[in-house]
Amino acid sequence: MYTSFINMIIKEGIINSFIDLFSLAFIQRALIAGVIIAILAGIVGVMTLIRKVAFYGDAIAHSSLAGVAIGLFFGIYPLFTALIYSIIVALFLPAMRKTFSLSFDNILGILLPLSMGLGVLIFSFLPGYQPEMMSFLFGNILTIQLQEIYLIIGIFIVTIIILSKLINPILMTSLDEEYATLLGLNVKWLQRLYEVLLTIIIVAGVKLLGVILINALLIIPASSAKNLSNSMKMWLILSPIISVISVFGGIVSSVLLNTPPGATIAVFAGLIFLISQVISKLNLVKNS
Amino acid sequence: MINKVNNPADKNAIVLEVKNLSYSYPGFSDPAVFDINFRLKSKTINMIIGPNGSGKSTLLKVILGILEGEKVITFFNQGKEISFNDAHIGYVPQKRNIDTTIPITVNEFLTLTQKSCKRCFSDAEAEIIDVLQKVNVVEYRYRKLGDLSGGQFQRVILARALLHNPKILILDEPEAGIDINAERFFYEVLQDLVGKEGVTALIATHEMEVVRQYADQVLCLNKTLICTGTAKEILTQKTFEKLYGVHTKPYDHVHIIHQHDHKGGHH
């Protein structure tokens with residue numbers, strides 16, 4: 001349908017073509033879901049960078065593939081099983097780290113390919129599900145359903161309520177764990193809360209970018225915003241904005257260029273990061 | 001609030017008593033510190049010295065409750081026993097474990113602490129200005145933490161500790177990574193706090209010159225307390241041999257530490 005979008009622009013002019021494009025229900029659904037996930041990923045991405053656990057989201061996302069496969073195998077909604085599986089992995093990580101006495105990085109490096117391998121293995125028992133696997137690996141936001149949008153809106157509301165109450169202690173714990181302990185904060189509980197929030201956002205984003213690319217939306221816009229920010233407040237505002245621009249720009253470009261949306265979003269976010277690097281290196285961001 | 005009444009009777013009052021403190025790290029059979037007993041008098045500067053790995057940081061963290069060891073720690077206020085929470089301990093950690101690439105202003109850093117702090121008295125902006133004035137960095141309030149010099153950064157960390165309105169301040173090698181002038185200025189600010197605000201300080205340090213100049217009581221630590229006394233009593237050949245091994249003179253040690261610091265790339 002959208003392969004001829006360039007031809008359409010030539011025939012009907014840019015504005016009419018875009019009006020037509022945005023009137024398509026599947027594009028509307030994709031943009032609504034994409035923008036909501038982008039806002040959440042932008043905010044939680046900042047916390048992820050403060051904690052210096054950029055790899056963590058990747059491990060959770062990759063392990064969710066096993067959850068997806070288990071769901072499909074038993075005929076359960078796959079993102080539900082993915083969520084349960086990933087939350088279990090996220091919550092058991094600290095215990096596993098202790099039991100095996102390995103570094104955080106090390107345990108993630110084991111868990112990531114293990115869960116992903118498990119996922120692909122289960123998929124191999126499900127003939128005919130190969131195209132489905134591709135869309136879980138790399139995302140396909142254009143196939144998102146209305147019910148899934150309701151789910152994403154629900155996740156958005158819950159996350160925003162939690163963050164509005166607890167963003168300060170979560171940031172404090174991320175910034176300086178030892179001092180947060182001294183202040184009397186329940187550091188362990190706040191960490192688990194952050195991990196569960198992150199997991200929920202990742203699973204919600206699997207349709208958007210797939211398990212392989214979803215971490216891009218957590219890390220890249222937050223990194224771009226970091227380059228451009230002079231304060232924490234600015235960082236927390238800019239990161240979701242850049243994330244939304246990346247998703248919006250990525251989806252529209254993917255339709256224009258007839259490219260896979262997930263990959264296009266990741267590349268779009270990467271280009272914004274390069275621009276932010278240039279701006280920060282040229283010292284265009286004034287030091288206050 | 002801080003008791004500013006200069007009652008000569010409480011000049012020598014005990015604010016902290018540590019009895020039988022021991023700690024072993026999980027998985028290690030040998031204790032990191034053991035059988036430690038000492039008292040801190042009100043409005044004094046107390047310094048812990050000892051070689052690397054002697055357990056200085058561990059001791060401080062057990063007192064702070066960051067590490068859970070065996071201990072009997074009693075806090076006092078004007079002769080009366082008070083709880084840990086009422087003791088209002090401020091802490092200046094050893095290494096800069098805050099990532100300075102994070103875009104956060106001094107003001108935001110302190111506001112974040114205030115909002116997460118159940119023991120802080122108020123969350124008023126005035127309090128932030130007050131603590132920044134006490135450590136002489138108020139003009140950098142809207143600067144990014146990462147843009148501060150080592151000395152300014154360290155004073156911001158001290159300001160953060162002051163948000164608790166502390167009676168006791170615990171500092172772990174506060175001079176690490178700052179130059180000699182910044183160090184002197186830091187200790188002058190600290191001495192001021194002890195004099196004017198009635199704070200008692202417990203400091204782990206490697207700088208013997210600082211010990212000589214500012215310490216009221218010196219605690220020599222090598223897993224356990226080897227000696228306690230005034231700077232004059234402690235900074236002798238005999239105690240140094242005991243603490244750091246033979247052939248180290250008090251001021252040789254200063255020299256060695258300085259060389260090490262320069263080579264070690266602390267700046």
Problem - Which atoms of T101(B) approach chain A - backbone, side chain, both or neither, heavy atom under 4.5 Å - result: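 When you check distances to chain A, atoms from both the backbone and side chain of T101(B) fall under 4.5 Å.
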Exercise for the section: Please check if atom OH in Y25(B) has more than 12 non-hydrogen atoms from other residues, nucleotides or ligands closer than 6.0 Å. Expected result: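 Yes, OH of Y25(B) has more than 12 neighbouring heavy atoms, counting only those of other groups under 6.0 Å.
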Practice task
Decide if atom CD of E70(B) counts as having more than 12 heavy atoms of other residues, nucleotides or ligands within a radius under 6.0 Å.
Solution key: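 Count not over threshold, so no.
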Exercise for the section: Heavy-atom pairs under 4.5 Å with chain A are the metric here; pick the option from P103(B), G27(B), G65(B) that has the most. Expected result: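 When all of P103(B), G27(B), G65(B) are compared, P103(B) has the most.
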Practice task
Pick whichever of T173(A), D176(A), L185(A), L171(A) has the most heavy-atom pairs under 4.5 Å with chain B.
Solution key: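 With the most close heavy-atom pairs to chain B, the winner is D176(A).
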Problem - Pair E125(B) + R141(B): basic N to acidic O under 4.0 Å - result: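 Yes, E125(B) and R141(B) are salt-bridged.
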Practice task
Go through the atoms of K52(A) and report whether side chain, backbone, both or neither lie under 4.5 Å from a heavy atom of chain B.
Solution key: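 When you check distances to chain B, only side chain atoms of K52(A) fall under 4.5 Å.
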Handout entry: Selection residues 153-175 of chain A - residue pairs positive for salt bridge (Lys or Arg N to Asp or Glu O under 4.0 Å), sequence neighbours left out
Key =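 Listed by first then second residue: nothing to list.
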